[in-house]
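Scroll down for the structure; my scribbles are underneath it.
Counting begins at 1 with the first residue of the sequence.
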Amino acid sequence: MKAILVNDDRTLRWDNVPDPMLGTDDCMVKIEAAALNRADLMQREGDYPPPPGCPEWMGLEIAGTVVEVGEGAKAKSQWQVGDKVCALLGGGGYAEYANVKYDMLMPVPENCSMIEAAAIPEAFATAYLNLFIEGGIKPGNTLLMNAGASGLASVVIPMAKAFGIRVITTVRNAEFVKQIAHLGADIVVDTSKEDIAEVLKAELCAGRGVDVAIDCLGGEVMGKCIHYLTHGARWIMIAALAGQKTEIDLKNIYVRNVRIVGSTLRSRTPETKARILASLVKDVWPKVAAGEVKPTIYKVLPIREAEAAHDILYRGENVGKVVLTI
């Protein structure tokens, strides 16, 4: 089969690789679409290697059709040849086929295209993990989701709103304010005109402080904003795209009982990931089917244009997910 490989100079090529070998607990999926994540860029640059046993090529979330089912998977699951599925992978989605353990598969939700389904597994699992498991967020709470134009925010914001959560988000300019209006955030802060720390301070003084923050930016702003959270709030760090260092008033942390939580989905055990996916199907799939939560698709490109697709993420121009079709 073919897959996207990384050359020595970090460029990409669509080239031959060995066919995957079906394990007893695996299903073979013919991939129709694969969504991009920033982790793909990090892996391409050599900073985020795939877990042991995973293919060397990138790709964390796919949608496709089951074409073969291992004997163990037949005994332990209901998957059959011909099922339309989406899957969370440790890697290997930029390819024609993938072997997927049966409990890493989910049915494509009703009223969802294959392209939309490919944009679901990693982003939705990350959103669910950080909102409900790490964040322990409740209806009526306030969420700060930084980088509102990101692919993850395009899932986190509508998911939070569907569960009765108030959302504050940030974008870099007025154009992005317009482009994410459909996500339904309660407050969109244009950081080219407003100081997010001052906004959070005013919200806290008005009794509407942030209970949970999901932060993929970090940097200097994180240290300023974390002072203006509710008592017992959780600040969840999932990346540090704006800088890995910040300055924090530690007294404010212990006086307010604020918790700083580091969180990545990829580092979780397979058993933990399987539980998250099962919770998604149970709790979130009905809201997807009802149209309350949908991934925002920014652009769709063929797999041979993976490098151009990556460039969209490198430039930070996407509002929502970029998807490759195979």
Side-chain angles (χ1 to χ4, degrees), residues 3-4 26-40 58-69 73 77-129 150-159 162 182-183 265-266 273-274 276-303 306 309 313 318-326:
I4 291 289
D26 294 339
C27 295
M28 183 81 73
V29 177
K30 186 179 188 301
I31 301 171
E32 297 180 35
L36 272 62
N37 291 275
R38 288 203 168 271
D40 302 342
M58 298 160 286
L60 302 179
E61 50 188 347
I62 61 169
T65 302
V66 175
V67 294
E68 192 174 354
V69 182
S77 74
Q78 302 298 312
W79 299 119
Q80 298 181 11
V81 171
D83 285 345
K84 298 294 184 181
V85 295
C86 52
L88 179 66
L89 309 178
Y94 290 16
E96 294 179 303
Y97 293 89
N99 260 349
V100 186
K101 190 168 180 283
Y102 69 89
D103 56 4
M104 292 292 106
L105 292 170
M106 299 176 286
V108 172
E110 294 180 21
N111 302 318
C112 194
S113 71
M114 294 299 276
I115 287 171
E116 290 173 325
I120 283 178
E122 173 77 11
F124 275 56
T126 299
Y128 191 92
L129 165 67
S150 66
L152 179 60
S154 73
V155 172
V156 169
I157 294 171
M159 187 182 292
H182 68 285
L183 299 178
L265 177 64
R266 198 175 195 182
K273 292 178 183 177
I276 293 170
L277 298 190
S279 295
L280 273 180
V281 174
K282 174 178 175 289
D283 298 335
V284 180
W285 260 221
K287 295 185 181 296
V288 176
E292 296 179 56
V293 185
K294 285 275 192 180
T296 299
I297 307 300
Y298 177 74
K299 186 165 284 190
V300 180
L301 293 168
I303 188 72
L313 268 66
N318 56 302
V319 178
K321 298 286 283 188
V322 178
V323 179
L324 299 170
T325 54
I326 294 86

Main-chain N/O of [Y] paired with [X] side-chain donor or acceptor, under 3.5 Å:
X: Asn318; Y: Tyr298; value: no
X: Trp285; Y: Pro107; value: yes
X: Glu122; Y: Leu60; value: no
X: Trp79; Y: Cys27; value: no

Indicate the atoms forming the closest heavy-atom contact of [X] with [Y], along with that distance.
X: Asp26; Y: Ala73; answer: O-CB, 3.7 Å
X: Cys86; Y: Val108; answer: N-CG2, 4.1 Å
X: Ala63; Y: Ala118; answer: CB-N, 3.6 Å
X: Leu183; Y: Ser154; answer: CD2-O, 3.7 Å
X: Asn111; Y: Ala289; answer: ND2-O, 2.8 Å
X: Asp40; Y: Ala35; answer: OD2-O, 3.9 Å

Practice item. Output the distance between atom OH (Tyr102) and atom CD (Gln78), rounded to the nearest 0.5 Å. Key: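 The CD atom of Gln78 is 11.5 Å from OH of Tyr102, to the nearest 0.5 Å.
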Revision key, fill the gap. In this structure, CG of Leu277 is separated from NZ of Lys282 (nearest 0.5 Å) by 14.5 Å
**Study point:** Thr65 versus Lys84, side-chain donor and acceptor atoms under 3.5 Å
**Key:** yes
Practice item. For Asn37 and Lys321, test the side chains for any donor-to-acceptor distance below 3.5 angstrom and give the result as yes or no. Key: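 On atom types as modelled, these side chains qualify, holding a pair under 3.5 Å.
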Review point. Mind checking whether Thr126 and Leu152 have side chains closer than 4.5 Å, heavy atoms only?
Key: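 In contact.
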Check your understanding: If we only count heavy atoms from C-beta on, is the Glu61 to Leu89 side-chain gap below 4.5 Å?
Key -> no
Practice item. Carefully, step by step, assess Leu265 and Leu88 under the rule side-chain contact (heavy atoms from CB on, under 4.5 Å). Key: CA-CA 10 Å; Leu265 177 64; Leu88 179 66; 4.1 Å; yes
Exercise for review: Could you walk me through whether Leu105 and Val29 pass the side-chain contact (heavy atoms from CB on, under 4.5 Å) test, one step at a time?
Suggested key: CA-CA 10 Å; Leu105 292 170; Val29 177; 4.0 Å; yes
Review point. Near Lys299 NZ, under 6.0 Å, is it more than 12 heavy atoms from other residues, nucleotides or ligands?
Key: no
Practice item. Dump the intermediate steps for side-chain contact (heavy atoms from CB on, under 4.5 Å) on Ile62 and Tyr94, then the final yes or no. Key: CA-CA 8 Å; Ile62 61 169; Tyr94 290 16; over 6 Å; no
Check your understanding: Taking NZ, NE, NH1 and NH2 as the nitrogens, is one of them in Glu116 or Lys294 under 4.0 Å from a carboxylate oxygen of the other?
Key ->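 Looking at Glu116 and Lys294, the cut-off is met.
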Check your understanding: What do the steps show when you test Leu301 against Thr325 for side-chain contact (heavy atoms from CB on, under 4.5 Å), and what is the final call?
Key -> CA-CA 6 Å; Leu301 293 168; Thr325 54; over 6 Å; no
